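As the structure is a computational prediction, the values presented were derived from the model and not from experiment.
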Amino acid sequence: QVQLAESGGGLVQAVGSLRLSCVASGRILTTYGMGWFRQAPGKEREFVASIDWSGSSTAYADSVKGRFTISRASAANTVYLQMNSLKPEDTAVYYCATRRTAAPTTVENAYGNWGQGTQVTVSS
């Protein structure tokens with residue numbers, strides 16, 4: 001079993017930045033990497049970014065390319081999501097989850113062990 005804990009959310013003005021963290025514990029070697037998803041009020045949860053545990057392969061949603069960067073800490077089971085140039089439409093609850101597939105994917109059911117989520121609110 002893998003447990004995930006997100007942190008780093010908050011309220012920020014548009015064009016500001018936030019960094020989210022997700023710390024994994026437990027049997028992470030049974031997974032292939034980590035992904036970030038988000039869910040805005042009244043909308044379905046959507047893929048944001050993913051990374052494999054080696055850090056060599058990343059993927060991003062088109063809506064965040066060039067603004068968000070996913071990375072992992074080398075010494076810890078921690079994945080970060082650096083969010084720059086934030087927009088009001090980035091407001092959502094952000095979740096991390098472990099990836100069950102070797103190949104990068106945006107498909108939600110390829111992910112599991114979901115964290116509790118952290119709220120990000122971007123004001124205009």
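- Of all the heavy atoms in Pro88 and Ala14, the pair that sits closest is CD-CB, 4.2 Å.
- In this structure a side-chain-to-backbone donor-acceptor pair under 3.5 Å is missing from Ser17 to Asn84.
- Judged by distance alone, the side chain of Arg72 and the main-chain N or O of Gly33 form no donor-acceptor pair under 3.5 Å.
- Side-chain polar atoms of Arg38 and Tyr94 form a donor-acceptor pair below 3.5 angstrom.
- Within the model, atoms CG of Leu4 and CD of Gln116 stand 10.0 Å from one another, a figure rounded to the nearest 0.5 Å.
- For the atom pair Ser50 OG and Leu81 CG, the distance stands at 11.0 Å (nearest 0.5 Å).
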Exercise for review: Any chance you could lay out the side chain to side chain contact (heavy atoms under 4.5 Å, CB included) test for Thr106 and Glu46, step after step, and finish with the verdict?
Suggested key: CA-CA 8 Å; Thr106 64; Glu46 64 176 2; over 6 Å; no
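- Nearest heavy atoms, Leu86 versus Leu18: CD1-N, 3.8 Å.
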Point to revise | Evaluation steps, side chain to side chain contact (heavy atoms under 4.5 Å, CB included), between Val79 and Ile70 | key: CA-CA 7 Å; Val79 171; Ile70 189 170; 3.7 Å; yes
Practice item. Tell me, with the steps shown, if Phe68 and Tyr60 meet ring pair (Phe, Tyr, Trp, His ring centres under 6.0 Å). Key: CA-CA 8 Å; Phe68 291 11; Tyr60 296 92; 8.3 Å; no
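- Relative to the ring axis of Trp114, Arg45 places its NZ or CZ within 45° and under 6.0 Å from the centre.
- Taking each heavy atom of Thr91 and Val122 in turn, the nearest pair found is OG1-N, 2.9 Å.
- Between Phe47 and Phe37, the ring-plane angle classifies as perpendicular under the 30° and 60° cut-offs.
- Using modelled atom types, one side-chain atom of Thr98 and one backbone atom of Gly112 make a donor-acceptor pair closer than 3.5 Å.
- Across all their heavy atoms, Thr31 and Ile28 have their closest contact at OG1-O, 2.6 Å.
- Between Tyr95 and Gly115, the closest heavy-atom pair is CD2-O, 3.6 Å.
- Asp52 places a side-chain N or O within 3.5 Å of a backbone atom of Ser57 that can act as its donor or acceptor partner.
- In the hydrophobic clustering of this structure, Leu20 groups with Val2; members are Ile, Leu, Val, Met, Phe, Trp, Tyr whose side-chain heavy atoms approach within less than 4.5 Å, directly or through other members.
- For Ser85 against Asp90, the heavy-atom pair with the smallest separation is O-OD2, 4.4 Å.
- Looking only at distances, a side-chain donor or acceptor of Arg100 sits under 3.5 Å from a matching main-chain atom of Tyr111.
- Sparse packing is recorded around OH of Tyr32, with 12 or fewer heavy atoms of other residues, nucleotides or ligands lying under 6.0 Å away.
- Rounding to the nearest 0.5 angstrom, the gap separating the OG1 atom in Thr105 from the CZ atom in Arg99 is 8.0 Å.
- Taken to the nearest 0.5 Å, the NZ atom of Lys87 stands 4.5 Å off from the CZ atom of Arg67.
- Here CD of Glu6 is found 12.0 Å from CD of Gln119. Values are rounded to the nearest 0.5 Å.
- Atoms CE and SG, from Met34 and Cys96 in turn, are 5.0 Å apart once rounded to the nearest 0.5 Å.
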